[in-house]
Amino acid sequence: GPLRQPDLIFDHLQHGPSRCQQAQGRQTVLPEYRWYLLRTAGQRAVVGGGGVQNVQPRDIVLPQQLRVPLKRIGSLVLAFSQEDMDQVRRLYDNGVKNGVEGLEIVDARRLHELEPNVSKNAVAALWAPTGGIVCPFNMTIALAENANANGVDFRFNTKVTGFTRGEEGDFRTRYVVNAAGVYADVLHNMVSSRKLHITPRRGDYCLLDRQVGGFVSHTVFQLPGKLGKGVLVSPTVHGNIIVGPTAIDIEDRDGTNTTA
């Protein structure tokens, strides 16, 4: 049966016609991102009606519970210099504090045993064996189905045009979760005097033929920088290799077209 949370009731307002509209065929990678952002004692604070609650990593919904195929292939973050090693050690320390299991800094010899096709200039890597990959479409549909089974009502083609206090309006709620993606600033600016602006950015991925499906066997990252996690090379659950993304600032918030 579905995973249950009976005490919550949601309306999900969707601007477009489908929950998978933004899952543009890209690979969904589930590495241990807990090495990336440090949280106290491996926990996230969630504010709700009962105050602040601590959410442990074990409480995160796993794809297996939603019957979505998951491949635990592990992930590697590459270092090419001593300066890179300093950042790798910081990521390692974050991961340990966040409770990532099996996290390890491997030297060049061990790295090239794991991934023989990685550049010989790589001197070390952060190895997270619990990282995994899923299909973005299956995962999105499974999450939506589970949400619906828990009482979420999806309202497609329903654009939020404003907020008001009191009895007026089409929907009444105690809380609003702003998960509008590149439109998040638009919703934010409807209610806040501290205005924000999001510059849409499109990324292109290259999906390679299955003939090169064995080129890497893990998700391989470059070191994350101030603009994001950078380019990755990874197997997919369907046996391809995916490479990307690029990063292109665009004007059209709905611009999901590719350059090819």
Side-chain angles (χ1 to χ4, degrees), residues 3-26 28-30 33-34 36-40 43-55 59-61 66 136-137 139-205 224-229 245-258:
L3 302 174
R4 291 291 185 183
Q5 175 49 275
D7 299 327
L8 301 177
I9 300 175
F10 292 93
D11 274 321
H12 180 102
L13 307 185
Q14 177 79 21
H15 184 191
S18 168
R19 285 298 307 125
C20 286
Q21 188 175 15
Q22 298 302 320
Q24 296 291 324
R26 60 177 180 250
T28 294
V29 181
L30 299 174
Y33 284 134
R34 283 173 279 157
Y36 189 36
L37 295 176
L38 176 60
R39 302 186 181 94
T40 303
Q43 301 172 346
R44 289 187 290 180
V46 178
V47 180
V52 177
Q53 304 175 5
N54 287 324
V55 179
D59 296 324
I60 297 174
V61 175
L66 297 175
F137 293 107
M139 191 68 192
T140 303
I141 292 171
L143 289 169
E145 288 177 341
N146 185 255
N148 181 258
N150 279 277
V152 173
D153 186 9
F154 290 94
R155 307 294 182 93
F156 298 112
N157 296 309
T158 304
K159 183 178 180 179
V160 176
T161 58
F163 298 89
T164 183
R165 292 183 180 275
E167 300 298 322
E168 297 180 359
D170 297 313
F171 299 93
R172 296 181 62 191
T173 183
R174 294 177 60 192
Y175 300 100
V176 174
V177 178
N178 183 356
V182 294
Y183 286 95
D185 58 336
V186 176
L187 268 66
H188 169 90
N189 293 339
M190 291 178 183
V191 297
S192 176
S193 60
R194 183 184 177 186
K195 304 304 181 183
L196 301 177
H197 174 71
I198 291 176
T199 299
R201 176 172 292 171
R202 188 188 73 230
D204 292 341
Y205 287 84
K226 63 180 181 180
L227 298 179
K229 294 182 293 297
T246 58
I248 306 168
D249 290 346
I250 58 177
E251 296 291 335
D252 182 7
R253 293 176 186 255
D254 294 316
T256 56
N257 55 300
T258 62

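Residue numbers run from 1 in the order of the sequence given.
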Point to revise | Close side-chain approach of V160 and Y183, heavy atoms under 4.5 Å | key: no

Residue set satisfying side-chain contact (heavy atoms from CB on, under 4.5 Å) with I248, at least two apart, ordered chain then number -> R202, D204, T246, I250, T259

In this structure, CG of L66 is separated from CD1 of I141 (nearest 0.5 Å) by 12.5 Å

Residues 175-191 vs salt bridge (charged side-chain N to carboxylate O under 4.0 Å, His left out), sequence neighbours excluded, gives D185-R253

With sequence neighbours left out, the residues meeting side-chain contact (heavy atoms from CB on, under 4.5 Å) with S192 are H188, R194

Side-chain donor/acceptor of N146 to backbone N/O of A142, under 3.5 Å:
no

Nearest heavy-atom approach of A247 to R201 is CB-CD, 3.6 Å

Nearest heavy-atom approach of A184 to I198 is CB-CD1, 4.0 Å

By side-chain contact (heavy atoms from CB on, under 4.5 Å), T199 pairs with (sequence neighbours left out) H197, D249

Rounded to the nearest 0.5 angstrom, the CG-OG1 distance for L187 and T161 is 9.5 Å

Residues F154 and A144: closest non-hydrogen pair is CE1-O, 3.5 Å

Tightest non-hydrogen contact, residues D153 and R155, listed as OD2-NE, 2.8 Å

